[in-house]
Each structure stands twice: as C-alpha cells, then as structure tokens.
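Comments concern the structure below.
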2 protein chains.
Amino acid sequence: MDVSFAVNRERPGFAGGKYPADCSSRIVLNHITSRWGVLVLLALERGTLRWGELRREVEGISEKMLASTLKTFEADGILHREAQPTVPPRVDYTLTERGREVAMRLMPLMDWIADNADDIVGER
Amino acid sequence: MDVSFAVNRERPGFAGGKYPADCSSRIVLNHITSRWGVLVLLALERGTLRWGELRREVEGISEKMLASTLKTFEADGILHREAQPTVPPRVDYTLTERGREVAMRLMPLMDWIADNADDIVGER
DNA sequence: CAGAATCCTGTGAGATACTG
DNA sequence: CAGTATCTCACAGGATTCTG
C-alpha cells in the first residue's frame with residue numbers, strides 16, 4: 001500500500017482546503033455520494049447495462065430512485081442513455097468518458113471498503 | 001460455473017461485483033458518503049482540528065450533524081477523540097491510521113470534482 | 001420492458017436553547 | 001468551549017399503480 005504521496009501535500013483543490021457552502025463542487029459531490037450514486041457508477045463501470053440489469057445489479061434500489069439517479073448523472077454528462085425504438089423498448093446506459101474518470105477514482109475507495117468493512121462494523 | 005451471467009466478473013472488491021443490500025460494505029459506504037462525512041474527513045486529512053475549528057472549516061454544518069458525524073467515525077475507528085480535562089475544555093479530533101487510509105483514497109476524487117464541477121454544473 | 005405519476009412515510013437534518 | 005436536549009419539518013426515498 002502506497003502512502004507516500006498523501007503526507008503533507010499542499011492541496012489546491014477546493015480552493016486550498018476550504019469548502020464553500022454554495023459551490024458547484026458541493027453539488028457534484030452530493031450527486032456522486034447520493035445514496036445510490038456510487039453503486040450505480042460502480043455497476044456501470046464494468047460496462048453498458050440495461051435498465052432491468054441495473055435494477056438487479058444495484059440490489060435494493062427502487063424504480064423511482066434508479067430513474068432519479070440516472071437522470072441526474074445524465075444531466076451531469078456522467079452517463080449516456082441510448083434508447084432503441086423497438087417493441088419492447090430497450091435502453092442502454094453507458095458511462096461517458098467523464099463518468100469513467102469518476103468511477104476510476106471511486107474504485108480504490110470501494111476496494112478498501114470491501115476489504116475493511118467487516119472489521120469496522122464487526123468491532124462494534 | 002454459470003457462463004451465461006459470468007461475463008467478465010473479475011473485480012475482486014464487493015464480492016466479485018455484486019452489491020448485497022445488507023452487507024457491511026454498504027454500511028461503511030453510507031457512513032463515509034453521508035452528507036457531511038466526506039467533508040469532515042477531508043478537513044481532518046490536513047491534521048488535527050478542534051471542535052470549533054471543524055465547525056468553521058466544514059462550512060454550513062450544524063452542531064448536531066457535526067456531533068453525529070464525529071461519533072459515527074469515532075465508533076468506526078476512523079478518527080480519534082482526545083479531550084483535555086481543562087477549563088474551558090479542549091477536544092482534539094485526529095484521523096486514525098484507518099481514517100488516513102480512507103482520506104487518501106478520497107482525495108483523487110475530490111480533486112477531480114474540484115477541477116470539473118464548474119463544467120458539469122455550468123453546462124446545465 | 002422501461003419507465004411516469006401518485007401518494008405516503010421515515011428520518012436526516014436544521015434551529016434554538018441550555019449546560020458542565 | 002464543546003457539546004447535549006428538544007422540537008420541527010422538508011424532502012429523500014419507498015410502495016403502488018398505470019402505460020406506450
């Protein structure tokens with residue numbers, strides 16, 4: 001595990017360590033860290049998925065929240081929605097380049113959580 | 001092995017790409033991505049802070065939510081609380097090693113958000 | 001199949017006041 | 001200074017029904 005780069009690093013992001021209440025960063029952060037945001041992102045990171053596949057993949061999500069999460073990410077340019085005009089309809093969701101950038105930065109965190117969650121919760 | 005659904009499941013995290021609804025990973029994920037979790041973690045990543053400093057640093061957080069967020073992280077072993085028995089009281093909050101591991105994995109994401117948030121929100 | 005429209009609820013979260 | 005203790009409520013989120 002590489003620790004070297006994080007120590008005493010001058011952080012330019014977030015205006016040098018401040019977190020203004022009404023900045024666009026907070027908005028985007030809230031989109032990504034919304035209840036289902038991370039899970040949807042991670043599911044799509046492995047490739048295109050249809051609506052129904054997403055519902056099954058992101059266990060527990062309601063249709064309403066799936067729709068809402070997908071819409072937010074589409075508006076943010078994080079994922080691309082492609083509807084085929086067939087009957088029955090088929091809709092594919094794919095991460096955009098921007099979405100892949102986010103997902104990529106999410107994965108080290110998710111892997112760490114997967115590795116440590118049992119310890120953390122179990123301790124209690 | 002089930003070939004039909006085993007497309008390219010090689011991600012080790014999250015038990016091979018599934019996200020069980022009631023797993024400890026979800027719990028820890030929710031703690032970290034709670035409304036104020038990321039911001040508190042990031043504030044403490046630069047070093048120990050006192051209660052009052054945290055309140056000012058994490059702009060907009062209420063006392064109730066600060067207390068609640070800190071308690072959750074302390075119970076998770078993500079931060080350490082040290083109270084001096086002085087008058088007036090002084091309490092320091094510091095990330096544990098575990099907390100530093102989380103914060104470290106959060107920073108690439110936060111830096112990306114800081115760099116791209118204006119584009120994302122502005123587009124709309 | 002992929003949603004939209006409704007209705008409803010729990011609780012995350014804010015405001016205020018108080019205290020060791 | 002560093003917190004509790006209440007009160008309150010908006011809204012995120014769920015359940016159900018309907019449809020092109």
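Order of the sequence lines sets the chain letters (A, B, ...), proteins ahead of strands, with each chain counted from 1.
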Checklist entry - Within this structure, what is the OH-to-P distance between B/Y93 and D/dC1, rounded to whole angstrom? => result 15 Å
Checklist entry - Under the salt bridge (Lys or Arg N to Asp or Glu O under 4.0 Å) criterion, do B/E59 and A/R26 qualify, and how do the steps go? => result CA-CA 11 Å; B/E59 197 176 295; A/R26 288 263 188 121; 5.8 Å; no
Checklist entry - Nearest-Å distance, CH2 (B/W51) to C1' (C/dG20)? => result 15 Å
Checklist entry - Does a nitrogen or oxygen in the side chain of B/R50 sit under 4.0 Å from OP1 or OP2 of D/dA2? => result yes
Checklist entry - Nearest 0.5 Å, what's the OG1-CG distance between A/T33 and B/N30? => result 10.5 Å
Item to check | End axis versus end axis in the helix from C/dC1-D/dG20 to C/dG20-D/dC1, the angle rounded to 10°, five pairs used at each terminus | outcome: 60°
Next on the checklist: C/dA4, OP1 or OP2 - any side-chain N/O from A/K71 closer than 4.0 Å?
Outcome noted: yes
Protein and nucleotides 10-13 of chain C: nitrogen or oxygen contacts under 3.5 angstrom:
{"from": "C/dA13", "atom 1": "N7", "to": "B/K64", "atom 2": "NZ", "distance (Å)": "2.7"}
{"from": "C/dA13", "atom 1": "N6", "to": "B/K64", "atom 2": "NZ", "distance (Å)": "3.0"}

Checklist entry - Between A/L49 (CG) and C/dA2 (P), how many Å, whole number? => result 11 Å
Next on the checklist: If you assign A/P89 and A/E63 each to the DNA chain D nucleotide with the nearest heavy atom, which residue ends up on the more 5' nucleotide?
Outcome noted: A/E63
Item to check | Distance, rounded to the nearest Å, where A/L66 contributes CG and D/dA15 contributes P | outcome: 14 Å
Checklist outcome for this item: B/N30 atom CG is separated from D/dA12 atom C1', nearest whole Å, by 13 Å
Next on the checklist: Quick check on D/dG3: is either OP1 or OP2 less than 4.0 Å from any side-chain nitrogen or oxygen of B/R81?
Outcome noted: yes
Checklist outcome for this item: Taken to the nearest whole Å, CD/B/Q84 to P/D/dG3 is 12 Å
Checklist entry - C/dC1 C1' sits how many Å from A/E53 CD, rounded? => result 12 Å
Checklist entry - Between A/P88 and A/A67, which has a closest nucleotide on DNA chain C that is more 5'? => result A/P88
Checklist entry - Which residues satisfy the side chain to side chain contact (heavy atoms under 4.5 Å, CB included) test with A/S68, sequence neighbours excluded? => result A/M65
Item to check | Charged N-O contact under 4.0 Å between A/R98 and A/E101 | outcome: no
Item to check | For atom CZ of B/R55 and atom C1' of C/dT16, their distance in whole Å | outcome: 12 Å
Checklist entry - So, B/E74 and B/K71, do they make that salt bridge, N to O below 4.0 Å? => result no
Next on the checklist: The test is side-chain contact (heavy atoms from CB on, under 4.5 Å); show your working for A/T94 and A/L44 and say whether it passes.
Outcome noted: CA-CA 7 Å; A/T94 314; A/L44 286 174; over 6 Å; no
